Amino acid sequence: MNEELTTPLWLLSPLAVLGGGLMLALVIGLTLQRFKVPKLYGAVIAGLLLGSTGGNLIDRALLAQFQELLNAAAALVLFDVGRKMDLAWLLRSGRQGGSLLLATLARFVAVAITVRLLGLPWGAAIFIASILIAVNPVIVNSMVADENASGTSTFATANMVGLSSLVALLVLAVTMAWTRSQGLEAGADFGGELLRQGGKLALGAGIALLSYGLYALATRLCKVPATMRPGMLLAALLIDLGLCSISSSSALLSLLLMGLLLRNAERRDNVFQAQLKTAQDIGYVLLFLMSAALVDLQQLAQGWVLMGALLVFAVRIGATRLALWPASAWEERKKHAMALSMCSLVSYGGLVVDTTLNAYTGLDPASTELMGALLALNVLLAPGLTWLGLRLAGETYRQEAR
């Protein structure tokens, strides 16, 4: 009886631990925001205090119990990424859209060569480079929302987030097929694995079309008022995510396509941003809290890991800036700003929408250490650099909190 009384009851509840971490992240973030520090650093500090670096109250086992909740938060973020992609602009913008596509390929090549020069095998180098094509939507969207950023470079960055995710998915499908055909899984052949990975993408696209069709049909048949359409949309997103989960299809592609369809196929007034803004803001904090909690700063203690991760991080920014050179619509200052704003990276778990995983278990120990160090640097540096890029572009219109 005495043992029960001396045990903090809230520690016995995983939901209370996660709720406490979310509250701590929001309190610290809103406090930092008053001093013009990005609010997302509240999630960083809370995650480090409660996660692997600190008290280890939030770990992989705890997060695994809330996989569906975290996937729902990821669904809102990824849907918003697709909703901000303007396909018409990307196709007609000429050099501008081409430079964004070039930047995704430049990052892949530059990172692969750099990781190989660090002494890691080609297979790991290509796999890591495939992941690092993508720009982290949580960091970019959160910084843009906090700073109320808008303008030509912010618009291009928003399109880049979606475009880079799509390219990363396609490249990663080929990379995964090649990696598994090289002996990681007995009996696997490249053609069969490529067909399997392509099937996941195709099935994800089909689920997106089905879910959007259900949304469009339901809202039109019932003549749903504009104020209630966000609820219908949320239901469709949950259907999409659930079907992707049980079918092992590409949830990232499916959710991106849902956003793309709403932006480019839906002709009615878009009333979703204001209705879903609060849920999205909480989703940003929750997902980044999880990322920070899984970071172990001791991984940065080894000199070669830290220096290698810093080199890859810098090369990735440099490759993005170089690829923007042909574009004529942006001045040099804005190109510098965009390269910084696109500096953030995602984990393997982020690309497959399995938020309890930050590394692929098929990597060798040295490659896993490097990827862990990159994710740690991403948590520590990327929000600040993204914020600096938005400020450098001169497109922030922050409204001071009262």
Side-chain angles (χ1 to χ4, degrees), residues 101-136 160 163-185 188-191 193-194 196-198 201 250 252 291 294-296 299-323 339 342-352 354 357-382:
L101 179 59
L102 180 62
T104 65
L105 303 177
R107 283 200 294 270
F108 173 72
V109 174
V111 170
I113 293 174
T114 303
V115 173
R116 181 67 183 96
L117 291 175
L118 290 174
L120 299 181
W122 269 116
I126 293 173
F127 187 84
I128 291 174
S130 302
I131 296 172
L132 298 192
I133 288 174
V135 179
N136 193 309
M160 180 60 165
L163 181 63
S164 67
S165 296
L166 289 174
V167 174
L169 273 177
L170 296 175
V171 175
L172 189 61
V174 178
T175 303
M176 288 285 288
W178 181 81
T179 301
R180 290 178 173 174
S181 68
Q182 297 303 303
L184 288 179
E185 294 189 5
D189 66 280
F190 178 70
E193 281 297 320
L194 187 60
R196 189 166 74 91
Q197 296 296 329
L201 295 176
S250 176
L252 176 58
S291 297
L294 296 180
V295 165
D296 187 354
Q299 292 177 331
L300 297 177
Q302 302 182 44
W304 83 268
V305 175
L306 176 58
M307 296 306 297
L310 284 171
L311 178 61
V312 172
F313 210 87
V315 165
R316 192 169 173 273
I317 296 174
T320 302
R321 175 61 188 88
L322 186 63
M342 298 174 189
C343 74
S344 56
L345 54 93
V346 301
S347 66
Y348 173 75
L351 280 176
V352 297
D354 181 358
L357 299 176
N358 268 340
Y360 176 57
T361 55
L363 292 175
D364 60 276
S367 302
T368 301
E369 288 181 6
L370 178 63
M371 195 65 201
L374 282 166
L375 293 175
L377 285 180
N378 185 63
V379 166
L380 297 174
L381 300 180

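All values derive from a computational prediction rather than experimental measurement. Here, residue 1 is the first one in the sequence, and each next residue gets the next number.
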Novice: Nearest 0.5 Å, what's the CG-CG distance between Leu306 and Leu377?
Specialist: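 Leu306 CG to Leu377 CG: 6.0 Å, rounded to 0.5 Å.
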
Novice: Say whether, by atom type as modelled, one donor and one acceptor occur between the side chain of Arg316 and the main chain of Ser344 under 3.5 angstrom.
Specialist: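 Yes: the side chain of Arg316 pairs with the backbone of Ser344.
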
Novice: Under 3.5 Å, sequence neighbours excluded: what are the donor-acceptor pairs made by side chains of residues 104-119?
Specialist:
| residue | atom | partner | partner atom | Å |
| --- | --- | --- | --- | --- |
| Thr104 | OG1 | Leu101 | O | 2.5 |
| Arg107 | NE | Ile133 | O | 3.1 |
| Arg107 | NH1 | Thr320 | OG1 | 3.0 |
| Arg107 | NH2 | Ile133 | O | 2.7 |
| Thr114 | OG1 | Ala110 | O | 2.7 |
| Arg116 | NH1 | Leu120 | O | 3.2 |

Novice: Rounded to the nearest 0.5 Å, how far apart are CE of Met176 and OG of Ser130?
Specialist: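 Going from CE on Met176 over to OG on Ser130, the span is 10.0 Å.
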
Novice: Please find the pair of heavy atoms, one from Leu345 and one from Phe313, that lie closest to each other, and give the distance.
Specialist: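 For Leu345 and Phe313, the tightest heavy-atom pair comes out as CD2-CE1, 3.9 Å.
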
Novice: Can you tell me how far the CG atom of Asn136 sits from the OG atom of Ser291, to the nearest 0.5 Å?
Specialist: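 Rounded to the nearest 0.5 Å, the CG-OG separation comes out at 7.0 Å.
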
Novice: Starting at CG of Leu194, measure out to OG1 of Thr175 and round the result to the nearest 0.5 Å.
Specialist: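 So the gap between those two atoms works out to 10.5 Å.
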
Novice: Search all heavy atoms of Leu381 against all heavy atoms of Leu310 and return the closest pair with its distance.
Specialist: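 Taking every non-hydrogen atom into account, CD1-CD2, 4.4 Å.
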
Novice: Should Leu170 and Leu201 be marked as a side-chain contact (heavy atoms from CB on, under 4.5 Å) after you check the CA-CA gap, both sets of side-chain angles, and the distance that decides it?
Specialist: CA-CA 8 Å; Leu170 296 175; Leu201 295 176; 3.8 Å; yes

Novice: Enter the distance from Leu169:CG to Gln197:CD here, rounded to the nearest 0.5 Å.
Specialist: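 Rounded to the nearest 0.5 Å, the CG-CD separation comes to 10.5 Å.
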
Novice: Would you please name every residue forming a side-chain contact (heavy atoms from CB on, under 4.5 Å) with Ala124, sequence neighbours left out?
Specialist: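 Partners of Ala124 by the side-chain contact (heavy atoms from CB on, under 4.5 Å) criterion, ordered by chain and then number, come out as Pro121, Leu363, Asp364, Ser367.
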
Novice: Do Leu132 and Met371 make a side-chain contact, defined as non-hydrogen atoms from C-beta onward lying under 4.5 Å apart?
Specialist: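 With C-beta onward as the side chain, the pair touches.
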
Novice: Give the minimum heavy-atom separation between Val135 and Met160, together with the two atoms involved.
Specialist: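 It is CG2-CG, 4.4 Å.
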
Novice: Closest heavy-atom contact between Ala168 and Ala134?
Specialist: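 Answer, listing the atom of Ala168 first, then Ala134: CB-CB, 4.0 Å.
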
Novice: Within this structure, what is the SG-CG distance for the pair Cys343 and Asn378, rounded to the nearest 0.5 Å?
Specialist: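 Going from the SG atom of Cys343 to the CG atom of Asn378 covers 7.5 Å.
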
Novice: Can you give me the closest heavy-atom contact between Leu370 and Ala309, atom names plus distance?
Specialist: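 Looking at all heavy atoms of both residues, the closest pair is CD1-N, 3.7 Å.
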
